[in-house]
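Notes follow once the structure below has been shown.
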Number of protein chains: 2
Amino acid sequence: MPSNAEPAPVSAKPPVTLREVAAAAGVSVATASKALNGQGRMTVETRERIRETARRLGFRPNSLAQSLLRKRSFTVGLLTNDTYGRFSLPLMAGVSDALVDKGVSVFLCNVEDDQRLGQLHVEAMLDKRVDGIIATGKRIDRHLPVDLSNLRIPVVYAFTQPDPGAVGLVSDDAGGARLAVEHFLRLGRRRIAHVSGPASFAVVHARAKAWRDVLKENGLAVSEPLLGAWSEGWGHEAVEKLFGKAGRDGWPDAVFCGNDQIARGVIDALRERGIRVPDDVGVIGFDNWEIVAEATRPPLTSVDMNLSTLGREAGLALLSLVDGQPAAPGIRKLPCRLVVRQSCGGPPE
Amino acid sequence: MPSNAEPAPVSAKPPVTLREVAAAAGVSVATASKALNGQGRMTVETRERIRETARRLGFRPNSLAQSLLRKRSFTVGLLTNDTYGRFSLPLMAGVSDALVDKGVSVFLCNVEDDQRLGQLHVEAMLDKRVDGIIATGKRIDRHLPVDLSNLRIPVVYAFTQPDPGAVGLVSDDAGGARLAVEHFLRLGRRRIAHVSGPASFAVVHARAKAWRDVLKENGLAVSEPLLGAWSEGWGHEAVEKLFGKAGRDGWPDAVFCGNDQIARGVIDALRERGIRVPDDVGVIGFDNWEIVAEATRPPLTSVDMNLSTLGREAGLALLSLVDGQPAAPGIRKLPCRLVVRQSCGGPPE
DNA sequence: CGGCCCTGAGAAAACCTTTTCCCAACCCGC
DNA sequence: GCGGGTTGGGAAAAGGTTTTCTCAGGGCCG
């Protein structure tokens, strides 16, 4: 039973093709193509007439057809296994932002830690003829569960362990740690403890080494870092270890934490003990996870890894690789940035 | 000066085409295509020979060419303006997971709140002939800064305000609030306060209304909800308002919070006042942001909006729209789920 | 006035796959 | 032996664009 007052379908008419534009302008498709791309030779009038016709008809070239011919799809794949963490999102946004302006779109590929899923996504990308792939992870020292080593298209690794000989971008963790410790030193702090995550993370060692190096360079006593978990709970425990012993003289006057959650735990635990932050002890975190850093009391000074810049750089690096520019393989470290809030206080008077 | 010991290029050889497979198998491309797709008629031997040849050569059909012909690209666009929040990530992962198995890839489009960026991305999607678009936001009651209303391809809205007449999926905030309040009631709590976010958010009212409704249905006294910000700080303030007045008798024995950060603030503030959670007061949050919910002391019972399920459903809904199945327009609400931890205690003895 | 070059534009191939139509050969029954 | 049906497989068009080649006409120089 046909309905007689059906609303117009949402507009099923197919997109305008170049052929239609050419017909409407009274030229051949070849000429139309050249007119729109600024190629070939023709009178200014012809070119303008075609352009105007295309505009009037709302012509937009079919990317699929273009890609098929040019062997460039203006598309890249973004692999990640960090779908619940907070690292990948700014990174992905950075990639996307860097590329959208160049007309390149990004396929989101969530591979978790699942080999099958990784395989599936990589094959889908290859079939769709992406121009390149960016691999991203939640850990700088771990591989994604996929083999990207013989892919015939360029690959850039961002915030994850690259294949040997590939180009990788990571944050400069040691530099970030330096930033923090040197900030403490500038403020006159001298007994700077370090509380960080599990020893199984490479960044833990990189940051700890930088912390120790800066202390040594400044002729200060060096102790062992306290390694535990990436959690608030561990921050509490660490405070117990550091400030549990009697004798205020042995207490640190600054704590550099491996991430913001630990720092949060440290600050809370210090307050519960009646130790003032920043007056008695300064605290610096890592990651600059704003929602945590701004909720601590006082707000937390923290090292920002500039992940969206990292993503942006990764996108641009991939693009130049796609354009055939050879890139120096190896790992490029991007600087961190210290975001100063109120957990370190000012210089001593 | 040509180098004489150059390492072999990473393998610049182009992918195997169907034509090559056909030639290798000694048949025409038509036959090869039919053999691989299970179409047409030919002897079992021919079919197997072609398949074997394709396998041996590592043939993979060019999606671009297929898409061009079939007028289906097996790609969809995912628009979001929540690149730093925690809502979009599980949602995006859900979409991606639901689609990858169907061979559909997802374009990530970060539009922030930028009209230009939105326009850019939508045009790129259209040019790339996506089969459909999923629009996602960080707020259920706000539009994305793009017009998706006359697009000739299907659009599904997930966790954002849909256009009238479009299909939208959101979480059932009222249902979620019910879950929380009824849980309190089952545990014997009777004086249940509600602390939530800014009145400018629609969800604040939806949840508050459900809270009030459940109380009324159970013949309990109803007060005004405390509306403020989505922050820990507001949780602290709210505790001051609720528990500042003398007279322990007037105090609530449960607080239902509009999100986990508020709940965190509430729990911390209660502890600072020496009020025990859950013994004296039960607390429930919203969002089930694990990293927060598990860090509160005690760990926080919270309402989970099942965002990855929401994403999955959005993906499937879009797919069936793309397949031409008409979908009932309007907003579909997906149930929430209460994740019980330790901030509510057991039933009273 | 003839040859040459330049200009403006079109025809056709190419990209890779799918699908429709077609054809030759073979088998069967009469 | 011949018409009709079936079987196995190929030719060609289609999808939308880009690019190379070709070509006709006109202007210029000698």
Side-chain angles (χ1 to χ4, degrees), chain A residues 12-51 53-54 57-75 103 124 126-131 152, chain B residues 12-51 53-54 57-75 103 124 126-131 152:
Chain A
K13 56 169 178 284
V16 180
T17 69
L18 185 60
R19 190 197 310 271
E20 298 173 84
V21 174
V27 296
S28 69
V29 284
T31 307
S33 171
K34 284 179 285 198
L36 297 176
N37 294 319
Q39 306 287 323
R41 285 176 319 201
M42 66 200 68
T43 57
V44 190
E45 293 77 41
T46 309
R47 196 179 290 276
E48 263 321 306
R49 177 163 44 90
I50 296 174
R51 290 204 164 146
T53 310
L57 264 43
F59 169 75
R60 310 227 70 204
N62 184 330
S63 280
L64 260 29
Q66 290 182 319
S67 302
L68 186 57
L69 203 52
R70 298 197 200 156
K71 306 191 161 313
R72 272 288 300 276
S73 64
F74 291 90
T75 291
L126 257 26
D127 290 350
K128 296 205 161 103
R129 296 301 191 265
V130 293
D131 297 331
R152 122 165 99 44
Chain B
K13 56 169 177 281
V16 180
T17 70
L18 185 60
R19 187 198 311 273
E20 298 173 84
V21 174
V27 296
S28 71
V29 284
T31 307
S33 171
K34 283 180 284 199
L36 297 176
N37 293 318
Q39 306 288 323
R41 286 177 319 202
M42 67 200 68
T43 57
V44 190
E45 292 77 39
T46 309
R47 196 179 290 276
E48 263 319 306
R49 178 163 44 89
I50 296 175
R51 291 204 162 146
T53 311
L57 265 42
F59 170 74
R60 310 228 69 204
N62 184 332
S63 281
L64 261 28
Q66 290 181 321
S67 303
L68 187 57
L69 203 51
R70 299 197 199 157
K71 305 193 160 311
R72 272 286 301 274
S73 64
F74 292 90
T75 19
L126 257 27
D127 289 351
K128 297 208 160 99
R129 296 303 190 266
V130 293
D131 297 330
R152 121 162 97 44

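Quick note on labels: first sequence line is chain A, next is B, and so on, each numbered from 1.
- Base contact: A/K34 has a heavy atom under 4.0 Å from a base atom.
- Between A/N62 atom CG and C/dC15 atom C1' there is a gap of 13 Å when expressed in whole angstrom units.
- As rounded to whole Å, 16 Å separates atom P of C/dC16 from atom CG of B/L36.
- Protein atom CZ of A/R19 is 15 Å distant from nucleotide atom P of C/dG10, rounded to whole Å.
- Mapping heavy-atom proximity under 4.0 Å, the span of DNA chain D touched by chain B runs 5' to 3' from D/dT7 to D/dG16.
- Distance check, rounded to the nearest 0.5 Å: CG of A/L64 to CG of B/D127 gives 10.5 Å.
- With a 4.5 Å cut-off on side-chain heavy atoms, A/P15 and A/N62 do not count as touching.
- Atom P of nucleotide C/dT17 and atom CZ of B/F74 are separated by 16 Å, given to the nearest angstrom.
- If A/S33 and B/A32 are placed on DNA chain D by their nearest nucleotide, the residue sitting closer to the 5' end is B/A32.
- Counting to the nearest Å, the P atom of C/dT17 and the CZ atom of B/R60 are 12 Å from each other.
- Closest of all the heavy-atom pairs between B/S73 and B/R129 is OG-O, 2.6 Å.
- The distance between atom CZ of A/R72 and atom P of C/dC15, rounded to the nearest whole Å, is 19 Å.
- Less than 4.0 Å separates DNA chain C from no heavy atom of any residue of residues 38-51 of chain B.
- At the heavy-atom level, B/T17 lies under 4.0 Å from the strands shown only through sugar-phosphate atoms.
- Remark: side-chain polar atoms of B/E20 are paired, donor with acceptor, to backbone N or O of B/T17 under 3.5 angstrom.
- By the 4.5 Å heavy-atom criterion applied to side chains, B/T53 and B/F59 are not counted as neighbours.
- Dashed line: the shortest gap from a side-chain N or O of B/R70 to OP1 or OP2 of C/dT18 is under 4.0 Å.
- In this structure, A/L68 atom CG and C/dA13 atom C1' are separated by 13 Å, rounded to whole Å.
- For the pair A/V16 and A/L57, the tightest heavy-atom approach, listed with the atom from each and the gap, is CG2-O, 3.2 Å.
- Remark: the backbone N or O of B/S28 is not paired with any side-chain donor or acceptor of B/R19 at under 3.5 angstrom.
- Using a 4.5 Å cut-off on side-chain heavy atoms (C-beta onward), B/R47 and B/L36 make no contact.
- Residues A/K128 and A/T75 fail the side-chain proximity criterion, which asks for heavy atoms closer than 4.5 Å.
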